[in-house]
Amino acid sequence: MAEKRKVNRCTIAATQGRGSDVIVIGAGLSGLLAAVYAVKAGARVRLIATGWGQQIVSPGWISVCDRADDDVIAEVRGYAALHPEHPYALAGLDALVCALDLLQDIAEEIGEPVAMRPRDGHNLRLPTMLGALQTPLLAPAGIAAGDLTEVEEPLLIVGFAGWRDFYPALVAGNLSAQGIAARPLTVSLPAERGSWDDWPADLARRFDDSAFRSAVLRQVQPQVKGAARVGFPAVLGMARHAEVRREFEAGLGCPVFEIPTLPPSPAGARLSNGIRRWLLRQRARVQIGHAVLRGNVENGRCTGVEVGALGHANPFYADTFILATGGLYNGGIQSDEAGRLWEPIFGFPVSGPPSEGRADWYQGRLLAEGGHAIHGQTGLRVNAQMQPLDGDGAPVLENVFAAGHLLAGFNPLTDGCAEGVALATAYKAVSAALAARA
Amino acid sequence: MTDHSTTLIDLTPFTADHCLKCNICTSACPVAPVTPLFPGPKTVGPQAQRLRLPGEPSPDHSIDYCSGCGICTQVCPHGVRVMEINTQAKAVMTQTHGMSPRNWFLSRNELWGRLGTPFAPLANFGVGNRWLRLIVEKTFKVSARGPLPGWAGYTFRGWWKREIKRRPRPQSAPDAQRVVYFHGCSTNTYEPHIGKLAVAVLEHIGLHVEIPPQTCCGLPAQSNGDFKAARRYARTNIESLVEYARRGIPIVGTSASCITAIKGDYQHVLGLDDEDALLVAANTYDFMEFLARLDHEGRLPRDFQPIEAELPYHAPCQLKAHGMGRPALDVLDLIPGLRCWEIDADCCGIAGTYGYKAEKREIAEAVGRPIAEQVSAAGARLVVCDTETCRWQITSLTGAKTVHPVELVALAYGLTVDRYTPPLRAGTAAHAAVGGL
């Protein structure tokens, strides 16, 4: 085995300019973390993705094990011991812990820090735009500041008149109903636009403008009236987010936090943009906009991938490949009316629920306990090196490693661990890929 | 010319059905954040497309503020051709409301390039004169700050005719060693040195260069909604190039945006999807993409002299649309000592003819600001970029000199051409040359 690898290394070394050490396919949370890790390990990295990943349409927080009441990592350890097919069990707890550290490091480095509860390792308790509570482990600092575990009351929840994506009375009402005193406040935004709606990203950019945000701040200041904390929809700045939060906290004399609203998520966009800039400055390649069509395979190894491009497909070569293209909802796994499931790039075997067609996948409630079988049972089966397996449990290709939502063995919608799995498996996949090159 | 609206319905507009309204395109659009006049690609594109009959105009004029950079199409994870939908909607608007003389003028770059050449000194005085430019801005709405190039005073094609008379090339090369060069209008009349260097590099590699008749790629007309003219230009090029494509002879071009048009826009925007058009698209390569391919095949000579420099590189929006990665960086990485890094910017703002329009100049400058900030932070005085209008825009935004990557490749090969001074020096003396960069 070792000898075979050596031979292949020589071949790759001769492929010259276009050969990378690692090609990462996918620009979601898994793909981005994989690229960052590989670059930090000194590899020449090329990130290729059809488009930006789902962090831009997600709240931005990191669910590792939402249902854990106390120490989250201990809970995951116990769960993994009982579920050996779960990606956490396969990737191992070290990978999860290292991945969370790496995410915090890179987030800090690009100026978009993420935060967890200090010391105790418990989940955060964060308000949603409906006033419900979610319990992720980590969140962008501005959102994490809304942790309601030990809450000083009352909260002031601020919204903007005429904006369709956030209703402060709804948030405050539902929080109060759960015993967390909160009152709503609606302020008006300086007029600028014509007749169209603002999206959260539009508003976030307007908050970058100091005159705009001062006009908002001035309306909130007299209404603080003893509030312990002030919550805003998560639109407090795009490029100048940290500055906006600092200014608001100073101006209001109390902590300020953000509540995620509808997509696109400014926090997700900031993370993606920041990591892109960091990767480019490290001289990695970032190619967003064209899908990988297929992998070229010789003797049980992938030699390169072909990208669908204008005019003709374009080949890219590498030693190792990280497949992080997402699950059924993200294009990493495809399906048809007959209920067939397939992985489009390498044709890896996809496990799924027994069915006669798509109709068998559904139940009465999308997010019911246990959920649709299709959510929890679909995906690629991998070994502890994150190599996709064939029907006999043997790796299909020795230098392709899979990570994120396209893996089988967990339910990304109902398990409350979607981001944790994305990060842990990306970390493990890159570790295995780098070890395979060594 | 047959009516292509049927194929347009079947293809590009149909992709709107994949839109989930996730707004990833809206959050990535470089134009929407800097002006309240443009509501964003999703709103004017897939959203407007939902119930719009093909051929019907958009409900308002905001689409006019789309720069056509295509970042929306690239970031979409679902394969919606947002920019292409918008460009087609712009064409319908132009058909409905007519074309302004200014837009007609900007669409005919090829014509002005040729007409200005014999009067280069006078014409160059004109584009360089602030007062004349202000008068033109007031009367024709062409921004006085839009970076217009000077005419070289001779054409690349004229030079090539003289050159092959002076030094006849052997005609016996097999097809596998032939290559067609698509120079584009800018190289022909404003920057012939790019074409001369491209020819020198191709011949250094050992290829037989052919330069058949060609005209404007059609992109300026297309961007301004004049699809009739754009298709006429496209047809002329396809007819001239298809014979080479049939023989498997690669067609390579140094203007990444012209090559985008030939490879992709002819089909996806203009609806030219016949066999000839697709064959030409399949055999057409960006110049640096072609070099990277040769390198992978082991056919690119590695006799590079070192260039000791660390240079920022801008990947034009239209180059990003190719789906070929960053071949310029891949090839420049082969030159010892040269370390290029990519500026994090979607678009320089000029977007072909957009940034020359008086009412859009300020937007174009705001879109390009991230480039200026990063170039200035790096203290760089030389920027590498594959497309001409972007180079001129970057120079106007940053004050830095700009070069096409072929200039660095030629320099590293030790190739020189008449009436051209390399931006820096190669070889061991380069340290001194680059000290101030």
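Convention: sequence-line order gives letters A, B, ...; per-chain numbering from 1.
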S.K.: Check whether B:Val75 gets within reach of chain A through its side chain, its backbone, both or neither, counting any heavy atom under 4.5 Å.
M.R.: both
S.K.: If I measure from the heavy atoms of chain A, does B:Cys22 come under 4.5 Å with its side chain, its backbone, both, or neither?
M.R.: both
S.K.: Can you check whether anything in residues 265-276 of chain A gets within less than 4.5 Å of chain B, heavy-atom wise, and list it by number?
M.R.: A:Asn273, A:Arg276
S.K.: With a 4.5 angstrom heavy-atom cut-off, could you sort out which part of B:Asp346 is near chain A: side chain, backbone, both or neither?
M.R.: side chain
S.K.: For A:Arg277, is it the side chain, the backbone, both or neither that has a heavy atom under 4.5 Å from a heavy atom of chain B?
M.R.: both
S.K.: Just wondering, more than 12 heavy atoms not from B:Arg246 lying within 6.0 Å of its CZ?
M.R.: yes
S.K.: Would you please name every residue forming a side chain to side chain donor-acceptor pair (under 3.5 Å) with B:Ser257, sequence neighbours left out?
M.R.: B:Ser255
S.K.: With a 4.5 Å heavy-atom cut-off, do B:Glu289 and A:Asn314 have their side chains touching?
M.R.: yes
S.K.: For A:Gln287, is there any backbone N or O sitting under 3.5 Å from a side-chain donor or acceptor partner on B:Arg326?
M.R.: no
S.K.: Taking A:His290 for the side chain and B:Gln74 for the main chain, is one N or O donor matched with an acceptor at less than 3.5 Å?
M.R.: no
S.K.: Heavy-atom pairs under 4.5 Å with chain B - which of A:Pro263, A:Pro264, A:Ala291, A:Ala201 has more of them than the others?
M.R.: A:Pro264
S.K.: Does a side-chain N-to-carboxylate-O contact under 4.0 Å join A:Arg285 and B:Asp333?
M.R.: yes
S.K.: Measuring heavy-atom distances to chain B, does A:Trp52 have an atom under 4.5 Å in its side chain, in its backbone, in both, or in neither?
M.R.: both
S.K.: With only heavy atoms counted, which part of B:Thr26 is less than 4.5 Å from chain A, the side chain, the backbone, both or neither?
M.R.: both
S.K.: Using side chain to side chain donor-acceptor pair (under 3.5 Å) as the criterion, list what pairs up with A:Arg294, not counting sequence neighbours.
M.R.: A:Glu306
S.K.: At a heavy-atom separation under 4.5 Å, does A:Ala313 approach chain B through its side chain, its backbone, both, or neither?
M.R.: backbone
S.K.: Looking at chain A, which one of B:Ala282, B:Cys76, B:Cys29, B:Gly79 has the largest number of heavy-atom pairs inside 4.5 Å, strictly under?
M.R.: B:Ala282
S.K.: Please find the pair of heavy atoms, one from A:Pro315 and one from B:Arg293, that lie closest to each other, and give the distance.
M.R.: CD-NH2, 3.4 Å
S.K.: Pick one of side chain, backbone, both or neither for B:Lys320, based on which atoms fall under 4.5 Å of a heavy atom in chain A.
M.R.: backbone
S.K.: Flag yes if more than 12 heavy atoms outside A:Arg283 fall under 6.0 Å of its CZ atom; otherwise flag no.
M.R.: yes
S.K.: Check A:Arg281 against B:Ala378 and note the closest heavy-atom contact, atom names and distance.
M.R.: NH2-CB, 4.5 Å
S.K.: For chain B, which residues from residues 53-61 of chain A lie under 4.5 Å away (heavy-atom distances)?
M.R.: A:Gly53, A:Ile56, A:Val57
S.K.: With a 4.5 angstrom heavy-atom cut-off, could you sort out which part of B:Cys340 is near chain A: side chain, backbone, both or neither?
M.R.: backbone
S.K.: Say you draw a straight line from CG of A:Leu280 to OH of B:Tyr313; how long is it, rounded to the nearest 0.5 Å?
M.R.: 11.0 Å
S.K.: Under a 4.5 Å heavy-atom cut-off, does chain A meet the side chain of B:Ile343, its backbone, both or neither?
M.R.: backbone
S.K.: So, taking the atom named CG in A:Leu310 and the one named CD in B:Gln318, what distance separates them when rounded to the nearest 0.5 Å?
M.R.: 11.0 Å
S.K.: Using a cut-off of under 4.5 Å for heavy-atom pairs, which of B:Gly264, B:Cys25, B:Ala28, B:Ala345 has the most such pairs with chain A?
M.R.: B:Gly264
S.K.: For residues B:Ala281 and A:His312, report the shortest heavy-atom separation together with the two atoms involved.
M.R.: O-ND1, 3.8 Å
